[in-house]
Amino acid sequence: MSISSINYSSSVLGYQIRNINQQLTDLSTQLSTGKLSQNYSGMGTNEGFAIAGRAQLSNIAAYTDTITNVNVNVNLANTALQSLTTIRNTVQTGSASTAQDLNVNGQTVAQNTAAAQFGSMVGVLNTQSGNRYLFSGTAVNTQSVADAGDIINGTTTQAGFKTVMAERQAADLGANGMGRLVQTQPTPSSINVSEDVAGSPFGLKIAAVSSTLTGATVTGPSGSPVSFSVDLNGVNPNNGDKLSVQFTLPDGTTEQIDLTASTATPTPLGSFAIDASTPVNPNNTAANLNTALNTAIAKLANTSLVAASAVVAGDNFFNTASSAIGTPVNNQAAPPAPITGATALSGASPSDSISPGFVAGDTITINGTTLTFVSSGATGNQLNVTDSIQTLMSKIDAITGTSKPSTVHGGSITINTDDAASLNITSSNTGALSSLGFSSTPVTATQPPLRVGSSPASSATTLVNGSATTVKWYLGNDGPGSPRSTAMARVDDSVTVQYGAQANEDAIRQELQAVAVFGTFSTSPTGQYSGGQVSALSLRVTQALTKQPGQQRLEDIQTDLAMAQNTMKDASTRQTQAKAQVQSIIDQAESASPDQVASEILALQNALQASYQVTSNLAQLSLVKFL
């Protein structure tokens with residue numbers, strides 16, 4: 001029989017001592033690190049909560065970084081918009097001043113300032129955050145706006161705004177400088193004034209004529225092209241009798257010429273002399289009226305019309321909105337009379353209606369939305385066959401969402417749209433559509449920029465797509481949808497913000513356009529009408545820089561961006577609170593309490609001391625002592 005020796009290391013007591021030592025080591029590590037363990041296996045059953053909490057903290061950190069980056073972009077955009085506001089106020093103050101002294105270049109000090117401010121605007125609109133252009137929409141790597149010099153002066157292959165403005169002015173004035181009006185005396189006692197071409201977008205348009213001239217006959221405005229006539233019928237008007245003619249200018253404004261019959265010598269401004277010869281010859285009075293009217297039209301054409309032409313040239317070059325223009329047509333009531341907004345869409349001759357007209361069941365489809373004709377009781381997307389052309393245009397405008405209402409003048413319908421690329425109008429009754437002046441389908445809009453359609457410009461009758469030969473001022477994204485939606489960021493699990501911007505937004509584009517028009521326009525320093533031109537232009541620029549109700553303002557864009565910042569601020573506040581709570585859960589799951597650890601260490605030290613004492617006693621045990 002053999003007796004094994006007592007091996008301390010393999011004894012139960014030795015194992016217990018080693019276990020206590022290991023626990024002391026672990027507790028010492030906990031005390032020094034504050035953590036329950038250095039690996040997941042030692043963390044306990046609550047570690048799953050800690051792992052999920054860390055993932056949430058990681059998300060919060062990512063959202064925090066996103067909010068920081070977006071705030072940088074928004075703050076830069078706001079600073080840029082504030083600069084644009086300052087520029088707007090500066091140019092508006094200058095244009096509203098009464099000083100019209102011209103320098104050798106035919107511009108005022110205020111215009112020179114506007115030219116410099118235009119360059120500043122272009123620089124502001126090309127603001128970058130890192131390598132991101134802030135006013136390019138989704139095209140963040142593309143410069144927002146072309147260089148200022150190229151926009152105004154053009155390049156070697158493409159015309160700039162200065163050329164477009166000069167062409168438009170020539171087209172609006174006409175070869176005779178009379179605003180495309182033709183003035184004649186068919187008889188010694190009569191005067192006739194006519195627009196040169198029916199449906200032309202250029203020049204002065206005759207809107208209304210009224211008269212208190214004793215014995216005179218006034219006819220029109222009517223016909224195609226529109227005209228009016230005044231016949232004194234061999235009778236002298238009385239002193240103070242008046243002829244008034246109202247014209248519509250290319251920018252939509254109206255101007256009125258008032259000519260008063262007068263016996264005063266010299267003849268006062270704005271009057272015409274009543275013949276006082278012996279015997280009296282009313283034909284001389286008619287000649288005097290003809291001369292006075294010619295002088296007044298020439299002055300209007302070379303002052304207000306020139307200013308209006310410059311404004312419209314700005315619209316042709318900068319504005320992405322465009323239009324479809326129908327060929328002038330006559331109505332059934334009086335074939336020489338053009339259709340108007342009141343002309344009905346159907347009716348038996350000789351009613352004021354188109355022919356052929358629409359019938360019940362016909363349809364017109366605008367950009368995918370269909371209008372249906374009914375006999376009566378139209379609702380929603382329906383039209384009565386007896387409704388007017390104006391009602392139809394209002395329906396079309398509501399569908400296209402145009403910011404500029406469609407019009408009818410001189411028998412010509414102009415359908416305006418803010419998105420030329422999308423306009424598409426078809427009808428099941430092509431004959432009736434042709435009666436409205438649109439002989440080919442689908443009806444589409446002329447793409448901007450718009451240029452005078454033929455040479456010489458003074459006799460042109462159309463505007464055409466000039467994109468191939470004209471500088472494109474806006475280079476960023478110009479697709480459909482809100483500019484704000486062109487830049488989006490998720491700042492919380494269920495929260496996104498939109499903070500995009502585009503230089504071609506109405507508020508920005510209209511300011512850039514007005515400043516460009518004012519800063520680019522020049523005239524002869526010594527011209528007869530130069531002061532009147534600059535005065536008329538200054539008034540229009542001041543109005544253009546004064547936003548009207550319903551128009552987008554720079555402040556509206558800033559408000560949108562401020563809302564995005566408020567949303568991010570609220571999200572950040574929530575995330576800060578959540579971060580503290582999540583961190584608390586992680587700490588509870590993984591942190592070791594110093595007091596508890598110290599207490600456990602003390603208990604283990606006591607147990608270890610006792611174990612060592614027992615071990616020591618056992619080590620001294622012998623057979624003699626045992627017996």
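- In the model, N302 has no side-chain atom that pairs as donor or acceptor with a side-chain atom of Q533 under 3.5 Å.
- Smallest separation of non-hydrogen atoms from N429 and G357: ND2-O, 3.4 Å.
- Formation of a donor-acceptor pair under 3.5 Å by the S271 side chain with backbone atoms of T267 is not found in this model.
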Could you walk me through whether L383 and K395 pass the side-chain contact (heavy atoms from CB on, under 4.5 Å) check? CA-CA 9 Å; L383 284 164; K395 290 274 190 180; 3.8 Å; yes
Does the pair T187 and S190 meet the rule for a side-chain hydrogen bond (donor to acceptor under 3.5 Å, both in side chains), with working shown? CA-CA 5 Å; T187 67; S190 65; 2.6 Å; yes
Checking T546 against Q92 for the side-chain hydrogen bond (donor to acceptor under 3.5 Å, both in side chains) test, could you report, in this order, the C-alpha distance in whole Å, the side-chain angles of both residues, the deciding distance, and whether it holds? CA-CA 8 Å; T546 303; Q92 186 178 40; 2.5 Å; yes
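- With rounding to the nearest 0.5 Å, the separation of CD in Q390 from OG1 in T340 is 9.5 Å.
- Of all heavy-atom pairs spanning T386 and A344, the tightest one is O-CB, 3.9 Å.
- Side-chain contact between N367 and S422: present, with at least one pair of heavy atoms (C-beta onward) separated by less than 4.5 Å.
- No donor-acceptor distance shorter than 3.5 angstrom exists from the side chain of Q246 to the backbone of T254, with no hydrogens or angles considered.
- Ring centroid separation for the pair Y474 and F318 does not come in under the 6.0 Å cut-off.
- Side-chain atoms of N294 and N290, non-hydrogen and from C-beta on, never get closer than 4.5 Å to each other.
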Passes side-chain contact (heavy atoms from CB on, under 4.5 Å), L537 versus V517? Steps please. CA-CA 9 Å; L537 180 64; V517 168; 3.7 Å; yes
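- The two atoms that bring I354 and T343 nearest to each other are N-CG2, 3.9 Å, heavy atoms only.
- For S434 (side chain) and T430 (main-chain N/O), no donor-acceptor pair under 3.5 Å exists by modelled atom type.
- In this structure, a donor-acceptor pair under 3.5 Å is absent between the side chains of N281 and D275.
- A side-chain donor from one of D241 and T214 sits under 3.5 Å from a side-chain acceptor of the other.
- The main-chain N or O of P279 is found under 3.5 Å from a side-chain atom of S277 such that the two form a donor-acceptor pair.
- Side-chain polar atoms of S304 and E255 form a donor-acceptor pair below 3.5 angstrom.
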If you apply the rule side-chain hydrogen bond (donor to acceptor under 3.5 Å, both in side chains), what do you find for N319 with Q513, and how did you get there? CA-CA 8 Å; N319 194 359; Q513 177 178 322; 5.4 Å; no
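- For the residue pair K547 and Q510, a side-chain donor N or O sits within less than 3.5 Å of a side-chain acceptor on the partner.
- Of all non-hydrogen atoms in A460 and G453, the two that sit nearest each other are CB-N, 4.4 Å.
- From N192, atom CG reaches atom OG1 of T219 across 9.0 Å, with rounding to the nearest 0.5 Å.
- Side-chain contact annotation: T542 with S95, donor-acceptor N/O pair under 3.5 Å present.
- Not a single donor-acceptor pair under 3.5 Å links the side chain of T470 to the backbone N or O of S467.
- Between D315 and R509, at least one side-chain N (NZ, or NE/NH1/NH2) sits under 4.0 Å from a carboxylate O, which counts as a salt bridge.
- In this structure the side chain of S244 reaches within 4.5 angstrom of the side chain of K242, judged on heavy atoms.
- Checked by atom type and distance alone, the side chain of N153 never pairs as donor or acceptor with a backbone atom of D150 at under 3.5 Å.
- Using a 3.5 Å distance cut-off with no hydrogens or angles, the side chains of T163 and R451 do not pair a donor with an acceptor.
- Summarising the geometry of A198 relative to S224, their closest heavy-atom pair is CB-OG, 3.2 Å, with the distance given to 0.1 Å.
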Working note: D251 + R540, criterion salt bridge (Lys or Arg N to Asp or Glu O under 4.0 Å); need CA distance, chi angles, decisive distance, verdict. CA-CA 10 Å; D251 63 349; R540 284 167 168 78; 2.8 Å; yes
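- If you check the side chains of D397 and S406, you find a donor sitting under 3.5 Å from an acceptor.
- Side chains of N233 and T217: a donor on one and an acceptor on the other come within 3.5 Å.
- Taking CD1 of I396 as the start and CG of L371 as the end, the distance is 7.0 Å to the nearest 0.5 Å.
- The shortest distance between side-chain heavy atoms of V385 and L345 does not fall below 4.5 Å.
- Using a 4.5 Å heavy-atom threshold, the side chains of T469 and Q158 count as separate.
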What do the steps show when you test L433 against T441 for side-chain contact (heavy atoms from CB on, under 4.5 Å), and what is the final call? CA-CA 9 Å; L433 192 64; T441 58; 3.2 Å; yes
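- Using a 30° and 60° split on the angle between ring planes, F358 and F373 fall in the parallel class, below 30°.
- No donor-acceptor pair closer than 3.5 Å links the side chain of S535 to the backbone N or O of G531.
- With rounding to the nearest 0.5 angstrom, the CZ atom of R180 is 10.5 Å from the CG atom of L305.
- A distance-only check finds no donor-acceptor pair linking the side chain of N384 to the backbone of D387 [under 3.5 Å].
- Residues T260 and S262 have side chains that never bring a donor and an acceptor to within less than 3.5 angstrom of each other.
- Checked options D231, N283, T285; the residue passing with S189 is D231 (criterion: side-chain hydrogen bond (donor to acceptor under 3.5 Å, both in side chains)).
- Side-chain contact between F202 and R168 is present, with at least one heavy-atom pair separated by less than 4.5 Å.
- Under the 3.5 Å distance criterion, the side-chain polar atoms of Q169 are left unmatched by any main-chain donor or acceptor of S309.
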Please evaluate residues S200 and K205 with respect to the criterion side-chain contact (heavy atoms from CB on, under 4.5 Å), reporting the C-alpha separation (whole Å), side-chain torsions for both, the decisive distance (0.1 Å), and the verdict. CA-CA 9 Å; S200 167; K205 303 302 178 184; 4.0 Å; yes
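- Side-chain atoms of N465 and L450, non-hydrogen and from C-beta on, never get closer than 4.5 Å to each other.
- What you find for S458 and A175 is that their closest heavy atoms are CB-N, 3.6 Å.
- To the nearest 0.5 Å, the span separating CD1 on I415 from CE on M393 amounts to 8.5 Å.
- No hydrogens or angles considered: nothing links the side chains of T391 and S394 as a donor-acceptor pair under 3.5 Å.
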Evaluation steps, side-chain hydrogen bond (donor to acceptor under 3.5 Å, both in side chains), between Q552 and E505: CA-CA 8 Å; Q552 186 193 41; E505 293 187 53; 3.0 Å; yes
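- A distance of 9.5 Å separates CG in L232 from CG in L243, rounded to the nearest 0.5 Å.
- Counting only heavy atoms from C-beta outward, the side chains of P442 and I425 never approach each other to under 4.5 Å.
- Of the possible donor and acceptor atoms, none in the side chain of Q117 sits under 3.5 Å from a partner among the backbone N and O of V91.
- When ring centroids are compared, F317 and W473 stay outside the 6.0 Å threshold.
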